[in-house]
Structures are given as structure tokens and as C-alpha cells.
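Encoded as C-alpha cells, the structure appears first; notes follow it.
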Amino acid sequence: METKNDIISDILQLFNEKGHSEYGGEAVTQLEHALQTATLARENNASDQLITAALLHDIGHLLHDLPNDAPLKGIDDVHENKAAVFLRKYFPETVTEPVRLHVMAKRYLSSTEETYYSLLSEPSKQSLVLQGGLMSSTEVSSFEQNPYFSDAVKLRKWDDQAKVQELTTAPVEDFEKNIAVSLRSYFLEDSL
Ligand code: FE
């Protein structure tokens with residue numbers, strides 16, 4: 001049976017083994033992107049759960065073997081769903097829902113904030129088309145009703161800013177504590 005420590009070390013290992021791959025056409029690696037996103041969450045006094053979501057929001061990219069430039073080839077890797085399915089085993093909705101909704105939040109912000117779309121990076125604009133493009137007004141209002149709407153939008157904004165080349169951040173081990181306290185209560189009771 002998996003213990004709290006097993007889960008944390010599996011996650012850190014995934015980053016250490018696969019995090020050095022390029023982040024879909026951006027200037028940073030997957031690991032740098034994850035750390036920058038989590039650092040922004042921490043600087044904005046987010047909860048442990050939202051910091052964990054920020055760190056793990058793109059873990060879906062580390063769980064498949066599609067090429068990093070899949071969107072450029074017209075393939076949507078649906079990484080947000082892969083991540084949510086994987087994370088649900090270990091974390092509550094306060095972690096998994098902002099992760100699952102971070103692509104939806106990009107569609108939302110592109111549809112509702114004029115400058116947002118223009119500031120998206122080129123690879124991010126390209127993947128938006130594959131991810132469903134702009135939202136209809138019905139989609140906009142139903143997304144606003146989602147209990148995790150505001151966390152998903154916050155996460156998305158940090159995500160978009162977390163593409164700075166050669167920015168020094170804390171190492172992934174520094175976020176172990178945020179991950180540990182965010183696990184499902186079942187794992188927290190585990191004293192091993
Ligand atoms: Fe991201």
C-alpha cells in the first residue's frame with residue numbers, strides 16, 4: 001500500500017526524471033515552469049492545496065509519451081484530464097479541480113479579457129484552437145458558476161507568467177511540505 005512518503009517521492013521522481021523536457025515550444029523546461037508557477041502561487045499567499053495544484057498542473061505532460069510539440073502537429077494531448085485522473089487518487093478536489101480546469105480558464109480569459117489573448121505566447125495561442133477556442137456566452141456563465149472558477153483563473157494567470165528563461169526558484173523539494181499537507185485525509189492519517 002502506498003504511503004504518504006511513497007506518493008511524494010514518486011511525484012518528485014517524475015519531475016527529476018522527465019521534468020527536463022522542453023515545455024511545449026516555450027523557453028523553459030517542464031520543471032522550471034512548474035516551479036515558477038508554484039512560486040507565484042506561494043508569493044500570492046495561496047493555500048497549500050492551490051500551491052500544490054500550481055506545481056502539479058502540467059503533470060499530465062509528464063505522464064504521456066507524445067512529443068512536446070504535439071499541439072504544433074494538431075494533437076491536443078488533453079493533459080489537464082490526464083493530470084486530474086492521476087491526481088484524484090491522492091488529492092482532494094481543491095487540488096484536482098483547479099488543475100482540470102486550467103485549460104478551460106484559458107478559454108474563459110481569452111473570451112472575456114481583451115488583453116489576455118493578445119499576451120498569450122504563440123504556442124499557447126496555437127493550442128487554444130485545439131482546446132476548443134473561445135467560449136460562447138453560455139459557456140462563460142456556466143464556468144463562472146463553477147465552485148473552483150476563481151482558483152482555476154488564478155492558477156491560469158500564474159501559469160501564463162511562469163515562462164521566464166533562467167529564473168532562479170526554490171527546488172522542487174521545497175514544495176514537499178505543501179504537497180504533504182494537501183494529500184487526501186486517508187493518506188494524512190497514515191503514520192508511516
Ligand atoms: Fe502550464
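Numbering of ligands and ligand atoms starts at 1, following listing order.
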The Fe ion (ligand 1) has as its nearest N, O or S atom from D159 the atom OD1
Do any of the N/O/S atoms of H57, backbone or side chain, fall under 2.8 Å from the Fe ion (ligand 1)? yes
Does a donor on one side chain and an acceptor on the other come within less than 3.5 Å for Y108 and E113? no
Any donor-acceptor N or O pair under 3.5 Å, side chains H57, H33: yes
Between E17 and L14, is there a side-chain heavy-atom distance shorter than 4.5 Å? no
Does a donor on one side chain sit under 3.5 Å from an acceptor on the other, for K106 and Q131? yes
Tell me which N, O or S atom from D58 is the closest to the Fe ion (ligand 1). OD2
